[in-house]
Amino acid sequence: MDKVRVRFAPSPTGYLHVGGARTALFNWLFARHHGGTFILRIEDTDRTRSTEEAIEQIMASLRWLGLDWDEFYRQTERFDIHQHYAEELLRRGAAYEADGAVWFRMPKDGVTVVDDLIAGKVEFQNREFKDLVILRSDGTPTYNFACVVDDTEMGITHVIRGDEHLPNTPKQLHIYRALGLTPPKFAHLPLILGPDRTKLSKRHGAVSVLEYRRKGILPEAMVNFLARLGWSHGDQEVFTREELIRYFDLDGVGQSPSVFDEQKLLWLNREWMRRLPVPELTKLVQEFLLLEGVASPEQIAAIPEDIMHRAVELFRDRSRTLVELAHTARMLFPGELAVPPDGQELLRPELAEPFEVMAQALDQVRDRSPAALEATIRETLARLDLPLKAVALPMRVVVSGSRVGPGLFEVLALVGPRLAAERLHRAAEKLRKG
RNA sequence: GUCCCCGUCGUCUAGGCUGGCCCAGGACACCGGGCUUUCAAUCCGGAAACGGGGGUUCGAAUCCCCCCGGGGACACCA
């Protein structure tokens, strides 16, 4: 095989959605697997719909996913090249001028066969086609034409794109033919659908790649998830980037469309949160503590590093996103914790006394380790003649703001005896007042 | 409407080219149980699919035909 050259060619009319991201990923993986070149080409020939922000967003999305490009082009900067090819078509009699535009003459009978690497041989009846505009009356090229010219000029070997482009392929094939060029190989990827089995779009909820970043999805999880949408490698579900590069090829791509299942994305995300080294994850969590308004930079800085790491380690098994994890971490910071609705019933008046006693005991503790705190709590409970079971859940609710979470003594160690004592003391006061 | 594509558990899929190893395997989700101060993790178990009908064959998820269903494309958008 010639040295592989592929491109991802989005039109900058909006954010990068997951369908586009998957197309970009498959191109990137194909290039990296074959030691080829991955090109980013912005198809902005429609100047009325293209925006600079969209270009920025697309690049930011690709960077976040870790899909680096080797070459970059913009179609609007290549109009002279397109024009040149249009003149050539005119000269050859394959195109003509009408209504101020340049039109390409499509054959009116016979069949055109597209030999697709994924879909196989697909036949199109030529009578289905009408002549097509290749240069608009303002002189700018249209998609099918610019695409052929640029793919040729850039030496593209494989066009890997969404299935919605399959019907464009015979048109492009005829342009190649009229120009006397050998077309690249084509591979059309089955669509990604929403839960209602129609093409994934805004009405299905989050579809922008950057939205998933904001939701606390890790790029590793997103890449892993997207790769498994339409591609498989035996029974393996979790892949590192290196594994994807090693195993990815077009023969692993299926022919049927796939439904975007957010549940599986969330599962993969937790898998990846658990695989990430703790210090790395912690940095991300800290970003989300700020983004979510859970804590201020000063408050975050005030938490000892080992406590922070331990918290992240304990919370990540219970969170599916960075956002969830950040909210769980609220207990680490000073301030009121709302009693959750399902915790209200646990706070019975007779707990005021034990809470107060334990608050005082905790206040004396120097050693912040879970073991030391456990010893203190158990001693105090023995003095009060109460079993742990009688106070564990209510205490957890008061100290952490939730009836679920890590072990009670771990929670106390994370929150710290002083803050825990303060919360218990306040709860006791409230209970006494009724 | 016309053309094209697709059709294995709810979802992602393995298997299909080279029929028997598949009364269909894995994963997510779901249900039940163990563990535990709670939840999660984890472990054990469960329910769940070859769209339908005809062929071909000793034998079909796999090959052929028809039907049904779903989706996509039909711009001086990409």
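Here is the naming used below: chain letters follow the sequence lines, and residue numbers restart at 1 for every chain. Here the structure is a predicted model, which is why all the values come from computation and not from measurement.
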Between [N] and [M], how far is it from one [atom1] atom to the other, in whole Å?
N: C28(B); M: U18(B); atom1: P; answer: 34 Å
N: G53(B); M: C4(B); atom1: P; answer: 27 Å
N: G19(B); M: U2(B); atom1: P; answer: 38 Å
N: G70(B); M: U11(B); atom1: C1'; answer: 16 Å
N: A49(B); M: C9(B); atom1: C1'; answer: 4 Å
N: A40(B); M: A78(B); atom1: C1'; answer: 46 Å
N: U56(B); M: C63(B); atom1: C1'; answer: 8 Å
N: A47(B); M: G10(B); atom1: P; answer: 15 Å

query = Sub-3.5 Å donor-acceptor pair from the side chain of Arg7(A) to the main-chain atoms of Asp151(A), do we have one?
reply =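 Looks like no, no N/O pair under 3.5 Å.
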
Have a look at [X] and say if it touches a base, only the backbone sugar-phosphate, or nothing, with a 4.0 Å heavy-atom cut-off.
X: Gln125(A); value: nothing
X: Thr140(A); value: nothing
X: Glu123(A); value: sugar-phosphate
X: Arg228(A); value: base
X: Ser137(A); value: base
X: Asp138(A); value: nothing
X: His165(A); value: base

inquiry  = Is there, by distance only and without an angle test, a donor paired with an acceptor across the side chain of Asp163(A) and the base of G72(B) below 3.5 Å?
reply    =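 Flag unset: no donor-acceptor pair detected.
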
ask   = Between the base of G26(B) and the side chain of Gln236(A), is there a donor-acceptor distance below 3.5 Å?
value =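 No pair found.
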
Length of the line joining [X]:[atom1] and [N]:[atom2], which is rounded to integer Å:
X: Lys130(A); N: A73(B); atom1: NZ; atom2: P; result: 16 Å
X: Trp103(A); N: A75(B); atom1: CH2; atom2: C1'; result: 10 Å
X: Gln255(A); N: G15(B); atom1: CD; atom2: P; result: 12 Å
X: Lys264(A); N: C12(B); atom1: NZ; atom2: C1'; result: 4 Å
X: Asp261(A); N: A27(B); atom1: CG; atom2: P; result: 16 Å

Scan every strand shown for a Watson-Crick or G-U wobble partner of [N], both distances under 3.5 Å, and answer none if you come up empty.
N: A27(B); value: U11(B)
N: A47(B); value: none
N: C63(B); value: G55(B)

message = Expected output is a numbered-order residue list: members of residues 390-421 of chain A with a heavy atom under 4.0 Å from any atom of RNA chain B. What is it?
response =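 Under 4.0 Å from RNA chain B: Ala392(A), Leu393(A), Arg396(A), Arg403(A), Val404(A), Gly405(A), Pro406(A), Gly407(A), Leu408(A), Phe409(A).
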
Evaluation steps, ring pair (Phe, Tyr, Trp, His ring centres under 6.0 Å), between His158(A) and Phe30(A) = CA-CA 9 Å; His158(A) 300 258; Phe30(A) 187 73; 4.8 Å; yes

task = Starting from the 5' end of RNA chain B, give me the residue, Ala9(A) or Arg318(A), whose nearest nucleotide shows up first.
result =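 Between the two, 5'-proximity favours Arg318(A).
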
ask   = Quick one: on RNA chain B, does Asp44(A) or Phe260(A) contact a more 5' nucleotide (nearest heavy atom)?
value =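 The residue closer to the strand's 5' end, by nearest nucleotide, is Phe260(A).
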
ask   = Cation over ring, Arg228(A) on Phe225(A), under 6.0 Å and within 45°?
value =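 The answer is no; the distance or angle limit is not met.
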
task = Please confirm whether Arg78(A) makes a cation-pi placement over Tyr73(A), using NZ or CZ under 6.0 Å from the six-membered ring centre and within 45° of the ring normal.
result =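 Positive - Arg78(A) is close enough to the ring of Tyr73(A) and near enough to its axis.
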
ask   = Any chance NZ of Lys121(A) has more than 12 other-residue heavy atoms, nucleotides or ligands included, within less than 6.0 Å?
value =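 No.
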
Check this one for me: any side-chain N or O of [X] less than 4.0 Å away from OP1 or OP2 of [N]?
X: Ser232(A); N: A14(B); value: yes
X: Ser258(A); N: U13(B); value: yes
X: Arg274(A); N: U42(B); value: yes

key: Closest heavy-atom pair and its distance - Gly216(A), Asn269(A)   =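 So the minimum-distance heavy-atom pair works out to O-ND2, 3.1 Å.
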
request  = Name the orientation class of the two ring planes belonging to Trp231(A) and Phe248(A) (parallel below 30°, tilted from 30 to 60°, perpendicular beyond 60°).
outcome  =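 Correct class here is tilted.
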
key: Whether Phe124(A) and Phe129(A) hold their rings parallel, tilted or perpendicular, with breakpoints at 30° and 60°   =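 Rings of Phe124(A) and Phe129(A): tilted, 30 to 60°.
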
ask   = Does one side chain, of Asp196(A) or His204(A), offer a donor that lies under 3.5 Å from an acceptor on the other?
value =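 Yes, a side-chain donor-acceptor pair sits under 3.5 Å.
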
